[in-house]
Peer 1: 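Here it is: the structure, laid out below.
Remember, predicted model here, so these are calculated numbers, not experimental data. Convention: sequence-line order gives letters A, B, ...; per-chain numbering from 1.
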Amino acid sequence: MAHIPDGVLSAPVLLTGAAASAGLLAVALRRLDYDALPQAAVLAAAFFVSSLISIPLGPSTAHLLLNGLMGLLLGWTAVPALFVALVLQAAFFGYGGVVVLGVNTLNIALPALVCAVALRPLLAGAGPRALLGIGAAAGAGGVLLTAALVAVSLGLSGEPFLPAAKAVVLIYLPLALVEALVTGTVVSFLHRVAPEILSGSASRYA
Amino acid sequence: MALPAFAGRPVTSRRPFGGPSGHWLGRRNPRLLLVVTGLFAVVTVSLQTLAAATVALGFGVAAAAAGGLPFRSLLKRLAALEALMAVLLATLPFTVPGDAVLSLGPLTATREGVHAAALIFLRANAVVLVLLGLLGSLEPVVLGHALARLGVPHKLVHLLLLTIGQIKHLDDERWRLRRAMRARAFVPRSNRHTWVSYGNLIGMLLVRSLERARRIEAAMRARGFQGRLYLLDDRHWHLVDTVSLVVLVPFLAGLLALDRLP
């Protein structure tokens, strides 16, 4: 659902998305050290693989987005990692499209970046309960921000898209709940099992 | 959902850079396939008439057939596209103003709305069919190399290649953990226990694969790895590739002409 297909959005929205994503990618790549690549690759692969898990949600199933978790663990590096995963999903699963790749990257990576800036500094020295909360906030925040951005992309493409945009936000609400619980669990699991992944030394971990 | 076929293939196979495979499309330069996919997508999303969009979809079906994708897995992959699409197709006929063709209680479907919905459906499926047909059957490593040759930054290509290398391991790990959970009588349901269990599953996946990545990197450094992968591929640009491009550009121009000219 986070992947908008090609042929839907208007040209100005597509161009803005592509330009903004290219800008974010350029900044993120300049900040990224070759040494940090293997760890980023593992997390990009984890994002790709985890998005294949169908999670029962009410009568239906959902797929996890995990962009909040990526932001929390990777910081700026989440942008190229998510972009790579999106390219692979587009080429091999047909999720999303070609021209719309910029918008999709922006819609998924910008929330990751927001989680990184807002929540990552809190990780250091947080207790187990606080970590659960930070993880939950990243999970819910990532999904809800992505939902909002998808809705904005649709809404800006034309008045007739507004009801669909609202429907998207509604569909995302239960997913945000599940994602909050899952991401919170992941963060507290990492704290118990491998705290060095969460502490600032993550970039040197690889 | 299962991984696509590529994930089962080791990245360093007998033909690590995916030498020419059987069918005609597999022997084309991957750069050609990327350029064609890009040009086709740009042209297709700009189409405004149903006739031109239908021709584009026809080209998509032909590309998917030429790519040799099995029909059933193709339908499955197309269905993945349709979640958001279903919402759009259901709402657009009623939200675009124009001549009414159908009334359902307070809602009125318009001719223009149905036209817009059909157009979106045709364009989206045409692009995805070409995407899967031309790029979906490439070895992922070949895709990475072609992107690098087309000027994508090397750091990004390295990240792509390393990610491709990890996906197989992570998926194996995921199945191992799932088996272990199933052996303990875990049945996924829509409840808190399931979601927390999946959280632990993903956490364990991360811990094990980061540990593994660290070990592999140490082993590579011990053998003189400097943090850079060198791109060695043996795919040359042939005359046939140029000819294909020369044939295709007028086709796309014709598609635009069909769309724009009255």
Side-chain angles (χ1 to χ4, degrees), chain A residues 1 3-8 14 25 29 32 34-35 37-46 48-50 52-58 80-81 83-85 87-88 90-95 97-99 160-164 167-168 178 181-186 189-190 193-194 197 205-206, chain B residues 1 3-4 6 37-38 41-42 44-45 77-78 80-81 83-85 87-88 91-92 95-96 116 120 123-124 127-128 131-132 135-136 140 143 153 155-156 158-160 162-163 166-167 170-171 174 188-190 192 194-196 198-200 202-203 205-207 209-210 213-214 217 227-228:
Chain A
M1 280 300 282
H3 306 68
I4 301 175
D6 253 335
V8 175
L14 290 171
L25 267 175
L29 282 177
L32 177 62
Y34 272 99
D35 283 347
L37 283 180
Q39 196 214 11
V42 169
L43 286 167
F48 184 91
V49 168
S50 306
L52 300 173
I53 303 175
S54 337
I55 299 218
L57 177 58
F83 175 74
V84 159
V87 167
L88 290 174
F92 298 108
F93 291 135
Y95 289 179
V98 181
V99 187
F161 288 108
L162 282 176
V168 165
V178 173
L181 195 57
V182 171
T183 308
T185 312
V186 172
F189 180 91
L190 290 178
V193 177
I197 298 177
Y205 188 77
Chain B
M1 189 204 268
L3 275 179
F6 78 80
T37 307
V42 170
T44 301
V45 299
R77 291 185 200 186
L78 282 181
L81 175 81
L84 183 58
M85 193 64 103
V87 176
L88 286 173
T91 55
L92 274 182
T95 55
V96 179
I120 284 180
R123 290 190 300 213
V127 173
V128 169
L131 193 62
L132 291 175
L135 303 185
L143 178 71
K155 242 187 236 174
L156 202 54
H158 283 161
L159 184 60
L160 183 79
L162 289 168
T163 303
Q166 288 293 333
I167 284 177
L170 268 152
D171 200 49
R174 170 167 81 103
R189 288 204 186 86
S190 185
R192 197 190 158 101
T194 301
W195 299 328
V196 169
Y198 276 123
N200 287 327
I202 292 168
L205 210 57
L206 289 174
V207 169
S209 29
L210 282 170
R214 199 184 52 75
E217 221 229 335
R228 271 161 210 262

Peer 1: Counting only N and O atoms by type, is there a donor-acceptor contact under 3.5 Å from the side chain of T194(B) to the main-chain atoms of S190(B)?
Peer 2: no

Peer 1: Heavy atoms only, distances under 4.5 angstrom: which of L92(B), T37(B), V45(B), L159(B) has the most pairs with chain A? Name it, please.
Peer 2: L159(B)

Peer 1: Just so I understand: if I count every heavy-atom pair under 4.5 Å between each of G97(A), A90(A), A167(A) and chain B, which residue has the most?
Peer 2: A90(A)

Peer 1: Which region of A44(A), side chain (C-beta onward) or backbone (N, CA, C, O), has a non-hydrogen atom less than 4.5 Å from a non-hydrogen atom of chain B, or is it both or neither?
Peer 2: both

Peer 1: Considering non-hydrogen atoms only, spot the tightest contact between V42(B) and V99(A) and give its length.
Peer 2: N-CG2, 3.8 Å

Peer 1: Is the distance from the ring center of F93(A) to that of F48(A) below 6.0 Å?
Peer 2: yes

Peer 1: For chain A, which of R189(B), Q166(B), K155(B), R192(B) has the most heavy-atom pairs under 4.5 Å?
Peer 2: K155(B)

Peer 1: Output the distance between atom CG (D6(A)) and atom CD1 (I120(B)), rounded to the nearest 0.5 Å.
Peer 2: 11.5 Å

Peer 1: Would you mind checking which part of L29(A) comes under 4.5 Å of any heavy atom in chain B, side chain (CB onward), backbone (N, CA, C, O), both or neither?
Peer 2: both

Peer 1: V186(A), L14(A), L162(A), L43(A): which one forms the most heavy-atom pairs within less than 4.5 Å of chain B?
Peer 2: V186(A)

Peer 1: What's the shortest heavy-atom distance between G94(A) and L132(B), and which atoms?
Peer 2: N-CD2, 3.5 Å

Peer 1: Would you compute the distance between atom CG of L205(B) and atom CG of N200(B) and round it to the nearest 0.5 angstrom?
Peer 2: 12.0 Å

Peer 1: Measure S209(B) against the heavy atoms of chain A and call it side chain, backbone, both or neither at under 4.5 Å.
Peer 2: both

Peer 1: Using heavy-atom distances under 4.5 Å, tell me whether P188(B) contacts chain A through its side chain, its backbone, both, or neither.
Peer 2: both

Peer 1: So which of V96(B), L131(B), L143(B), L135(B) has the largest heavy-atom pair count under 4.5 angstrom toward chain A?
Peer 2: L131(B)

Peer 1: For each of L206(B), T91(B), L88(B), L156(B), tally heavy-atom pairs with chain A at distances under 4.5 Å, and name the one with the top tally.
Peer 2: L156(B)

Peer 1: Rounded to the nearest 0.5 Å, how far apart are CD1 of I55(A) and CH2 of W195(B)?
Peer 2: 9.0 Å

Peer 1: With a 4.5 angstrom heavy-atom cut-off, is it the side chain or the backbone of A85(A) that approaches chain B, or both, or neither?
Peer 2: neither

Peer 1: So which part of L170(B) gets closer than 4.5 Å to some heavy atom of chain A, the side chain, the backbone, both or neither?
Peer 2: both

Peer 1: Measure the OG1-CD1 distance between T163(B) and I167(B) for me, rounded to the nearest 0.5 Å.
Peer 2: 6.5 Å

Peer 1: Between V42(A) and A213(B), what is the shortest heavy-atom contact and its length?
Peer 2: CG2-CB, 3.3 Å

Peer 1: What part of V193(A) is in contact with chain B, defined as an atom under 4.5 angstrom from a non-hydrogen atom: side chain, backbone, both or neither?
Peer 2: side chain

